[in-house]
Every structure is written in structure tokens, then in C-alpha cells.
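Reading through the C-alpha cells given below for one structure.
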Amino acid sequence: MRKILVVGAGQSGLQLALGLQQHGYEVTLMSNRTADEIRSGRVMSTQCMFHTALQHERDLQLNFWESQAPKIEGLGVSVAGPESQRVVDWVGKLDGHAQSVDQRVKMAGWMETFAQRGGQLVIHGAAVSDLDYFSRTYDLVLVSAGKGELVSMFERDASRSPYTEPQRALAVAYVHGLGPRPEHPEFDAVRCNLVPGVGELFIMPTYTVSGRADILFWEGVPGGPLDVFRGVKDPSEHLALTLELMERFTPWEYARATNVELTDAGGTLSGRYAPTVRNPIGRLPGGGSVLGVADVVVANDPITGQGSNSASKCAAAYLAAIVEHGDKPFDDDWMRATFDRYWATAQHVTKWTNAMLAPPPEHVLNLIGAAGQLPPVADRFANGFNDPADFENFFFDPDKANAYLASVSG
Ligand SMILES: Cc1cc2nc3c(=O)[nH]c(=O)nc-3n(C[C@H](O)[C@H](O)[C@H](O)COP(=O)(O)OP(=O)(O)OC[C@H]3O[C@@H](n4cnc5c(N)ncnc54)[C@H](O)[C@@H]3O)c2cc1C
């Protein structure tokens, strides 16, 4: 039986470990935290996942929380004008629903399932020296440890990483008590509020440790008026600041947030990171190779809510590549080809996400504005979050955008 080590128990590592286990591999999963520590710890993401990524979980029968988590059926966009009024406001319908299950719930639950099914779970923060040893005792070592220290083994790919600095300051608060969206309250939706030159406020329903809740997520341009969460340690101060900024920049969202309270003491998160694509093969001091997974190799800014989706897609692509490879050695050529298989989808996510971090060109402003009058445009934009490859067809190139708008308006 082939022996595989998975380092890091997040979306990609757990999905891979559970998938490999189902295929009869002898899997060891190394996590720097126990399931209980994860469950009772701090939130890690907003983790909104769209249809394709959710389907990979269903394919492995890992959709344990699908019936409890709110079904997100739409994606709305508002743009704030100079007087903090809404100059654009629409909601597109998703073909398949999206869901956000708090990673504290999901990762803790999946980790326990992995152990109950006989998987070897090791609680240990792996260091490069550990991996040096394990690369000799396992057929394959997969590093799915997110944006932590182990990324130092994977060289940054400058040709695929246009930014060297973080492009947004992130601040998340999980709350109970948010009022319904005034428009179409009959279905749940992600709300993307764009405040030109300042940043974005995302609001979405989630399923957390205390049941249904909503997430208030500010993405601030560094150095701007939203970049004020650094050093805020007290969760209630974090929430007060979040609400203050909502009142100032997105009063229509503040109006339904006046009675909110934090879900729990771990319900806030702030930080920032530079979007980075890396060489997928990590070189160990002893000469061995390890394969990087998901955020380790492609870490995009969460502005487009793609990281967990990409982690699910990466895990699905790697699982198929491992199974198809049978008993052959997992050499560097295979690692490169396996990453390329993932990059076929990840490249579109990366291009679109990096574009959304920059000030929008005129043809993009036109598209976003036109979606208010043309529901098919709103729907197509919303469904691009599930399959960002579609943006190639109508979003980046002004001629294609204009031709598309002409075809829909006609
Ligand atoms: C504020 C914010 C909002 C986001 N919103 C969304 C969203 O709405 N939609 C979306 O799709 N994505 C979103 N993302 C991105 C998404 O959360 C990540 O891209 C995704 O979780 C990456 O999965 P992963 O498996 O690569 O890594 P992770 O989920 O980061 O998991 C890595 C795991 O490895 C562990 N680990 C680290 N170092 C070691 C070590 N040395 N040894 C052992 N274990 C280790 C960590 O503790 C962690 O459990 C968001 C991210 C942030 C920060």
C-alpha cells in the first residue's frame, strides 16, 4: 500500500487525506492543532464556496453540513458614490448554490472523521528538518500548510506574482443579529459593496459553531481609512470599528447591523498578505522533493473569495493525478505535471483576482453598471465566481466586454 504524508489539515489537506484514505492509501496527516483547538480557536476565513468546489466535497461524501448551512443563491454588488449613496445596486442569481461552513466546524469535524476511519493523525507543527526525514520514509509528501512558514521551501514565481506587497488589509467579524437584505430577502446572497479607492465590504451568511450567523468582512486599501485594525486585540473593539466604518462608507448595510453581536470570542480576524504564486516543488536540504498544495503554491487575495474554492479544486486535481499514477514513482516530472493540471484552473483565478485588486478600467465599470439594467449580465458576473475562466470571454478585454454588452442589450 502506498504511503502518503499530508502536512496541514485545512481545506486542501483534509480533503486530500480523506479522499486518499477512501482510495485505500496509507495516509498520515500532520496538523499543528487538535480538532478541539481548531473548533474553539479563532475564525480563519469567510470560506464562501461555490458549486464546483462544493461538488468535489459531495463526490467524496464530505458535505456533512450541507443541510444546516444557509444556501447562498445570489451574489449582489453595490458601488458607493461620493455621498455614500448607492450608485450601483444589483443581485445576480447563481446557477448552483454557494455555502460557507466555518472552517472551525468543518476542519475539526473532518479531522475527527479521518481519525475515526483509521487514519494516522499526528499533532505536530512540522519543520523543514522533519520533512527531510519523512521524504525518505513516505512515497509522497504533500505540503498543504497554507501561508505559514513552510512556504519558505517553495521559491516565489515572480513571473506569476505581480504584487510584492499586500494589496488589502483584512478584517473579519462573525455576528448574530444582522437584519435581512432589503432587496430580495427571500433568498440568501453574498453582498459585495465596493467603495472606490477605499476598499470593499463583503457580507455573507455562514454556518458557525453557534449555528447560522453572518460575516462582516472589510478589505481595505493599505494606508487608507479602512486600514485601522492593526493592533486591535479586543474583539468588541474590532466589531465597534467594523460598524463605525459601515456607518460611514456603506450606510445601507449599517442600517441592518445596528443590533449585531459577535458570535463568540474567536469571531474576529485581521491581517494581510501579498498574493503569491510559488514553484510547486519544495526542495529539502537532504535533496528530497515535496509537492505544495493550494495556498502554499497559489495564495490569492480573498477579494474574490476563491481560496477555499481553489483549495478544493486543487485537492480534487491532485487526488485524480495520484490515483491515475498507480505504482509509478512520484518524481519531479510527475509533481510538475500535477501542479500544471491544477494551474489550468488556478491561472484564471489568479488573473481575475489580481485584476480586481487594481482600480477598475472603464469597460469593467461599464459592465458592473450595466448589470443593474441587464439581469443576464448580473447572473453571468455572479456565476463567474464559480468558474472564473469565463471572465476571459467578456471581462478583461474592452472589445469583448463591449461586444458582450451589445449582444445582451440588442
Ligand atoms: C479573511 C479571509 C477571508 C477569506 N474568504 C474566503 C472566501 O470567502 N472564499 C474562499 O474560497 N476563500 C476565502 N479565503 C481563503 C481561504 O480561506 C484559503 O485560501 C484556504 O483556507 C486555503 O486552504 P489550504 O488548505 O491551502 O490552507 P489552510 O486552510 O490555511 O490550512 C492550512 C493548515 O495547515 C496548518 N499548518 C500550518 N503550518 C503547519 C505546520 N508547520 N505543520 C502542521 N500544520 C501546519 C494550519 O494550522 C492550517 O490548519 C479567505 C481567507 C482569508 C484570510
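When a ligand or atom number is given, it counts from 1 through the structure's own listing order.
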- Query: Which residue from Asn32, Leu29, Val349 reaches closest to atom 46 (C) of ligand 1 through any of its heavy atoms?
  - Reply: Asn32
- Quick one: which of Leu16, Val6, Thr46 has a heavy atom closest to atom 8 (O) of ligand 1? Thr46
- Note on the structure: Quick look: Gln47 vs ligand 1, heavy-atom contacts under 4.0 Å, and the answer is backbone
- Item | Nearest atoms (heavy-atom pairs only) where Leu131 meets Leu5 | CD2-CD2, 4.5 Å
- Task: For the pair Arg104 (side chain) and Gly41 (backbone), establish whether a donor and an acceptor sit closer than 3.5 Å, ignoring hydrogens and angles.
- Result: yes
- Just let me know how Met107 lines up against ligand 1, side chain, backbone, both or neither, with a heavy-atom cut-off below 4.0 Å. neither
- Query: Under the 4.0 Å line, does any protein heavy atom show up next to atom 16 (C) of ligand 1?
  - Reply: yes
- Query: Nearest to atom 20 (C) of ligand 1 by heavy atom, Gly307, Ser45, Ser31: which?
  - Reply: Gly307
- Nearest heavy atom to atom 32 (C) of ligand 1, choosing from Ser144, Ala98, Gly148, Gly8, belongs to Ser144
- Cation over ring, Arg248 on Tyr254, under 6.0 Å and within 45°? no
- Which of the atoms of ligand 1 are close to Phe217, meaning less than 4.0 Å from one of its heavy atoms? 1 (C), 3 (C)
- Query: Any cation-pi pair here, Lys3 with Tyr138, using under 6.0 Å and within 45°?
  - Reply: yes
- Item | Region of Gln103 engaging ligand 1 - heavy atom pairs below 4.0 Å | side chain
- Item | Numbering as shown, the atoms of ligand 1 that approach Gly146 to under 4.0 Å (heavy-atom distance) | 27 (O), 30 (O), 32 (C)
- Task: Specify whether Phe385 and Trp352 have parallel, tilted or perpendicular ring planes, treating 30° as the upper limit for parallel and 60° as the lower limit for perpendicular.
- Result: perpendicular
- Item | Contact summary for Ala321 and Trp334, nearest pair of heavy atoms | O-NE1, 3.5 Å
- Counting only N and O atoms by type, is there a donor-acceptor contact under 3.5 Å from the side chain of His176 to the main-chain atoms of Arg212? yes
- Hey, looking at atom 28 (P) of ligand 1, which of Gly125, Ser270, Gly10, Pro302 has the closest heavy atom? Gly10
- Message: Does only the side chain of Ser12 get under 4.0 Å from ligand 1, or the backbone, or both, or neither? Count heavy atoms.
- Response: both
- Query: Of all heavy-atom pairs between Ile281 and Arg336, which one has the smallest distance, and what is that distance?
  - Reply: CD1-N, 4.2 Å
- Query: Which part of Ala145 is near ligand 1, with near meaning a heavy atom under 4.0 Å away: side chain, backbone, both or neither?
  - Reply: both
- Quick one: nearest non-hydrogen protein atom to atom 41 (N) of ligand 1, plus distance? Ala126 O, 2.9 Å
- Query: Counting from 1, what ligand 1 atoms have a heavy atom of Ala311 closer than 4.0 Å?
  - Reply: 23 (O)
- Message: Suppose I only count heavy atoms of His124 and a 4.0 Å limit; which atoms of ligand 1 are within that range?
- Response: 42 (N), 43 (C)
- Item | Sidechain-backbone polar pair: Trp110 side chain, Leu62 backbone, donor-acceptor under 3.5 Å | yes
- Task: Below 4.0 angstrom from a heavy atom of Val172, which ligand 1 atoms are there? Numbered from 1 as shown, please.
- Result: 1 (C)
- Indicate, as side chain, backbone, both or neither, the part of Leu150 found under 4.0 angstrom from ligand 1 when only non-hydrogen atoms are considered. side chain
- Look at the aromatic rings of Tyr342 and Tyr318 and report parallel, tilted or perpendicular, splitting at 30° and 60°. perpendicular
- Query: Going by the angle between their ring planes, with limits at 30° and 60°, are Phe391 and Phe396 parallel, tilted or perpendicular?
  - Reply: perpendicular
